[in-house]
Structure formats: C-alpha cells, structure tokens
Amino acid sequence: MATQTKNRRKQARYTMTQDPEAFVEFPVPRAGGRTVRLPLVNLSASGVSFAVENDSELVQLEAGTTIPRAVARVGTHRVRGELVVMHVTGGRDSRYVCGALLYPATNADLVELRGLIAELEVAGAD
C-alpha cells in the first residue's frame, strides 16, 4: 500500500505506490465547480502531496493557495478538510507535485486521519 520515507519533518511521510485507491479530490471554481481527482504522492499527519498534469486547469496553483472542500482518500479512509499549498515542484515528466498542509474539517476527520496514519505505520512495519 505505502512505504515510509525518512525526512526532516517531525511526522513520517508515507509514499503511495501508485495506488488507484489513494487520491485527493476537490472542486475547481475555474472549471465550473467540477471536482478533480488527483493521485496522492504521499501523506503525513500534517499534509499531502499530489500529482497534477501540466496541462490541467490547476496550473494556477501556487504556494499560499487555499483549497476548500478537499477530500483525501486512501482505500476506505476518507478525510475531509482544507488544503493550503506549501510548494509546487516541477517533475521530470508531464506533471508536477503539489505539497499542501491538510486541516481536517471536523474532529471526526482528524480521528479518521490518525487512524489512517496508524494503519500505514503498521503496514510499513511488516
């Protein structure tokens, strides 16, 4: 499902191994409110990063952009919240990676995120 990555941050990051069940989705005002679904690159207790095609309507994403009504999904886990873009990094192919802080919408979403992280941690220890 995912691999744990050592990094300078306090929280472990879990890299999604191109899991079709791991994505983030949110409505895009410039696309008439259409919901986009983007593959998760990694996930931590404090945020996510996701891949965006260079030719998408999301080219306006930049550090500081707020993305309301986002949903991060991994398998059966669903965490609703708001994303705040921290970085946009160009990729080696036709996509770039967008890293964002994740602010869970409710306490239930926070509990769901913590449960997901605990599940990924156990899976990574196997």
Stepwise side chain to side chain contact (heavy atoms under 4.5 Å, CB included) check, Glu119 with His77: CA-CA 10 Å; Glu119 196 175 290; His77 294 278; 3.0 Å; yes
Can you find a heavy atom in the side chain of [X] that is under 4.5 Å from one in the side chain of [Y]?
X: Val79; Y: Leu102; result: yes
X: Arg34; Y: Val36; result: yes
X: Met16; Y: Phe23; result: no

Glu25: partners by salt bridge (charged side-chain N to carboxylate O under 4.0 Å, His left out), with sequence neighbours left out: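 With sequence neighbours excluded, Glu25 shows a salt bridge (charged side-chain N to carboxylate O under 4.0 Å, His left out) to Arg37, Arg73, given in chain and number order.
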I need the minimum non-hydrogen distance between [X] and [Y], along with the two atoms involved.
X: Pro104; Y: Leu113; answer: CG-CD2, 4.2 Å
X: Ala12; Y: Ser44; answer: O-CB, 3.3 Å
X: Asp109; Y: Arg78; answer: OD1-O, 4.1 Å

Atom pair CD/CD1 of Glu82 and Ile67 - distance to nearest 0.5 Å: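 Interatomic distance, Glu82 CD to Ile67 CD1, rounded to 0.5 Å: 9.5 Å.
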Is [X] linked to [Y] within one hydrophobic cluster, defined over Ile, Leu, Val, Met, Phe, Trp and Tyr using a side-chain heavy-atom separation of less than 4.5 Å?
X: Val28; Y: Tyr96; value: yes
X: Ile117; Y: Val48; value: yes
X: Phe26; Y: Val85; value: yes
X: Leu61; Y: Val71; value: no

side-chain contact (heavy atoms from CB on, under 4.5 Å) against Asn42, all qualifying residues, sequence neighbours excluded: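 Only Arg13, Thr15, Ser49 meet the side-chain contact (heavy atoms from CB on, under 4.5 Å) criterion with Asn42.
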Co-members of the apolar cluster containing Leu101 [side chain, <4.5 Å]: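 Once heavy-atom contacts under 4.5 Å are chained together, Leu101 belongs with Val84, Met86, Tyr103.
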Sole candidate of Val74, Leu83, Val41 that passes side-chain contact (heavy atoms from CB on, under 4.5 Å) when paired with Val24: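 Single pass found, and it is Leu83.
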